[in-house]
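Note that the coordinates shown come from a computational prediction; the quantities given were computed from them, not determined experimentally.
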Amino acid sequence: MADIIQLLPDAIANQIAAGEVIQRPASVVKELMENAIDAGGTHIKLIVKDAGKTLLQVIDNGCGMSETDARLSFERHATSKIRKAQDLFAIRTMGFRGEALASIAAVAQVEMRTRKANSELGVKLNIEGSEIKSQEACQCAPGTSISVRNLFFNIPARRNFLKSNSVEMRHINDEFQRIALANPDLHFSLHHNNNEVYHLPPGNLRQRIVGLFGSNANKKLVPVKEETDILKLDGYVGKPEFAKRTRGEQFLFVNKRFIKSSYLSHAVMGAYEEMLTKDTYPLYIIFLDIDPEHIDINVHPTKQEIKFDDERLVYNYLKVAIRHALGQHSITPMLDFDQDVNFGSFTPGATPTQSDRPEGSNSQSKVGGSFQPKEKSPTEKLAASNLKHWEKLYDGLGKSTAPNEEPATVNSTPLTIESQWSEQGQGNESSEKPLKSSKQPFQIHNTYIVSHIKSGFLLIDQQAAHERILYERYLDSLSKQQAISQKELFPKTIQVAPADVPVLEEMIPMVNQLGFDIQDFGNNSFVIHGVPANLNPGKDEQKLIESLIEQYKRNVDMKLGLTENIARSLAKSASIKRGQRLTPTEMQELIDKLFACQVPYKSPSGRHCFLTYELDELEKRFKV
């Protein structure tokens with residue numbers, strides 16, 4: 001019988017290796033930029049075309065390579081980083097496997113130009129599918145320039161798996177940000193389709209954070225710095241009130257290498273215990289410096305997973321250090337005594353609006369305005385702060401009343417709104433629609449609305465319901481292009497993170513059809529001249545736009561159409577939130593508008609807008 005086992009050709013072996021190392025254009029960016037840093041480059045330029053599908057080019061002013069080194073660098077397992085097995089446990093460089101360039105050259109058309117500083121001429125290499133097409137001397141600046149064109153040109157199946165340009169560019173931005181954050185002392189720039197996205201001169205870490213995430217990031221930062229004999233910790237964490245509902249600004253580095261660790265991320269979140277609202281994520285950029293002997297980075301080809309000698313010790317140290325930093329800067333939960341303590345939902349840093357306060361309250365009834373700090377207990381403070389707000393409720397309690405007589409009630413005449421279906425005949429009534437009656441809806445936990453129906457009651461999720469209402473309204477406005485804009489008396493300028501500028505520019509034409517009037521002002525700034533007339537008053541335009549961008553980027557992965565994505569994103573961003581107090585009139589109006597929707601049952605994201613509870617079901621549950 002003939003032998004059936006044989007060695008694979010180098011070209012096929014390299015393509016198999018590339019499947020692990022080079023997963024998308026962002027993987028090429030990571031490998032090339034890390035090589036530029038290891039080469040001692042202080043000025044690194046990244047040029048991208050068509051989100052890396054057409055061109056990825058990294059230019060550095062590092063040490064450069066000789067003719068022999070340039071050719072050898074594209075061989076598998078060729079590296080200058082390690083010499084013996086023991087070196088794996090003392091790694092300080094970003095790369096060490098010697099697989100990156102060979103993998104890239106196996107699936108793309110690569111051109112390298114490189115020259116050492118003491119050489120008069122450099123060398124130019126052209127490689128296509130692991131095959132060297134040409135090698136010649138050339139004139140070039142000291143350092144190295146590598147151009148990668150037509151990624152996966154020889155593997156159509158892999159190229160077809162690439163996402164849209166916006167998604168791939170987002171991954172490239174992520175890799176660029178991680179490397180730029182880890183090396184604030186180096187100069188970086190990113191150009192996409194001939195537009196400069198980032199220009200980051202050398203500086204300190206805070207300056208680099210502001211350069212990447214915009215000037216608004218500066219006010220969110222709390223410094224963290226601790227040092228022991230085992231490890232050093234340095235960086236910044238975000239204030240709880242600026243936490244977002246989407247991930248993306250969480251960075252953990254070990255010896256300047258970005259890592260992913262759900263275990264250590266849990267430690268960071270544990271440090272924010274009782275400071276964050278549900279499903280929100282704070283910004284953090286943490287650097288751990290530890291002896292390489294105590295870690296193993298040779299775990300995964302992407303080198304983003306690390307094993308520690310004592311992971312529990314690192315966990316506890318990280319959690320305590322961040323908690324201590326937040327405590328030093330007085331970042332602790334603050335109680336708002338204007339909120340209903342039984343049903344209120346606390347949001348760190350939030351300022352109650354007029355509708356959040358009891359009737360008769362004013363802006364001077366905040367904590368610290370009307371009571372003395374020497375009071376002994378929170379209960380006494382609560383009573384003193386809220387007494388004047390509720391005097392009407394207790395008017396007459398001290399007056400003489402018959403023993404069996406009910407105390408006088410305030411506002412005994414309920415305020416209701418005529419439901420839109422109230423004029424229809426009884427034959428059109430549904431058991432899932434609230435009754436036209438004198439019974440007002442009411443809130444529980446400032447999150448859910450209870451409304452009577454004939455057979456029982458409805459429990460309505462106020463945020464999901466409002467999202468459905470806004471979503472259908474925005475879809476209708478986009479189809480008819482008849483939205484009404486409320487012009488701002490004084491136009492407002494907002495700052496956007498550089499990576500989000502292309503996203504907002506893509507959205508502006510559609511967003512303006514919804515009633516906004518937003519114009520690009522240059523230098524990562526936009527001017528808001530108008531907002532939709534039906535937008536809830538008191539909305540912070542900066543936060544609204546930031547939230548809109550985040551929702552839009554999340555929905556891109558769902559392959560939604562542009563119109564649906566914009567409508568869904570803005571509905572999510574502009575809707576009333578859980579924990580927001582509503583008046584009975586506002587609650588009834590929300591109910592009426594919900595059941596006027598074409599699909600009132602679920603929010604755009606698929607969450608139930610309401611649940612129905614039958615009286616028969618309740619009766620059964622009370623039986624023994």
Could you check L205 against D234 for side chain to side chain contact (heavy atoms under 4.5 Å, CB included), going step by step and ending with a plain yes or no? CA-CA 10 Å; L205 180 57; D234 191 13; 5.6 Å; no
Determine whether a donor-acceptor pair (N or O, by modelled atom type, separation under 3.5 Å) exists between the side chain of [X] and the backbone of [Y].
X: D310; Y: L313; answer: yes
X: K239; Y: K219; answer: yes
X: S525; Y: F521; answer: no
X: Q486; Y: G515; answer: no
X: R24; Y: L162; answer: no
X: R206; Y: N218; answer: yes
X: R208; Y: P201; answer: yes
X: N61; Y: T42; answer: yes
X: Q463; Y: K577; answer: no
X: Q207; Y: N204; answer: yes

Check [X] against [Y] and note the closest heavy-atom contact, atom names and distance.
X: Y272; Y: L283; value: OH-O, 4.0 Å
X: S261; Y: E311; value: OG-OE2, 4.2 Å
X: I59; Y: S145; value: CG1-OG, 3.6 Å
X: K319; Y: A271; value: O-CB, 3.6 Å
X: L326; Y: G238; value: CD2-O, 4.5 Å
X: A325; Y: P223; value: CB-O, 3.5 Å

Has [X] got more than 12 heavy atoms of other residues, nucleotides or ligands less than 6.0 Å from its [atom1]?
X: Y263; atom1: OH; result: yes
X: N194; atom1: CG; result: no
X: H266; atom1: NE2; result: no

Can you confirm whether [X] sits close enough to [Y] that some side-chain heavy atom of one is under 4.5 Å from a side-chain heavy atom of the other?
X: I172; Y: L56; result: yes
X: E488; Y: H529; result: no
X: Y317; Y: I230; result: no
X: L32; Y: V148; result: yes
X: I545; Y: I518; result: yes
X: P282; Y: L276; result: yes
X: L252; Y: I259; result: yes
X: D50; Y: L55; result: no

Measure the [atom1]-[atom2] distance between [X] and [Y] for me, rounded to the nearest 0.5 Å.
X: I494; Y: L504; atom1: CD1; atom2: CG; value: 6.5 Å
X: E273; Y: M275; atom1: CD; atom2: CE; value: 9.0 Å
X: K163; Y: K53; atom1: NZ; atom2: NZ; value: 10.5 Å
X: L212; Y: L190; atom1: CG; atom2: CG; value: 10.0 Å
X: R257; Y: I179; atom1: CZ; atom2: CD1; value: 11.0 Å
X: Q462; Y: I576; atom1: CD; atom2: CD1; value: 4.5 Å

Please tell me whether Q328 and H324 have a donor and an acceptor in their side chains that are separated by less than 3.5 angstrom. yes
Please determine whether a side-chain nitrogen of the Lys or Arg among [X] and [Y] lies less than 4.0 Å from a carboxylate oxygen of the Asp or Glu.
X: E249; Y: K244; value: yes
X: E467; Y: K572; value: yes
X: D461; Y: R578; value: yes

Steps toward side chain to side chain contact (heavy atoms under 4.5 Å, CB included) verdict (K225, K232): CA-CA 8 Å; K225 190 175 182 64; K232 298 178 182 178; over 6 Å; no
Between F251 and F213, what is the ring plane arrangement, given parallel below 30°, perpendicular above 60°, and tilted in between? tilted
Classify the ring geometry between F253 and F258 as parallel (under 30°), tilted (30 to 60°) or perpendicular (over 60°). perpendicular
Please assess Y471 against E564 for the test side chain to side chain contact (heavy atoms under 4.5 Å, CB included), listing each intermediate value before the final yes or no. CA-CA 9 Å; Y471 174 69; E564 185 179 354; 3.2 Å; yes
Aromatic ring centroids of Y198 and F188 under 6.0 Å? no
Decide yes or no on side chain to side chain contact (heavy atoms under 4.5 Å, CB included) for F516 and L570, but give the supporting numbers first. CA-CA 11 Å; F516 282 94; L570 188 55; 3.7 Å; yes
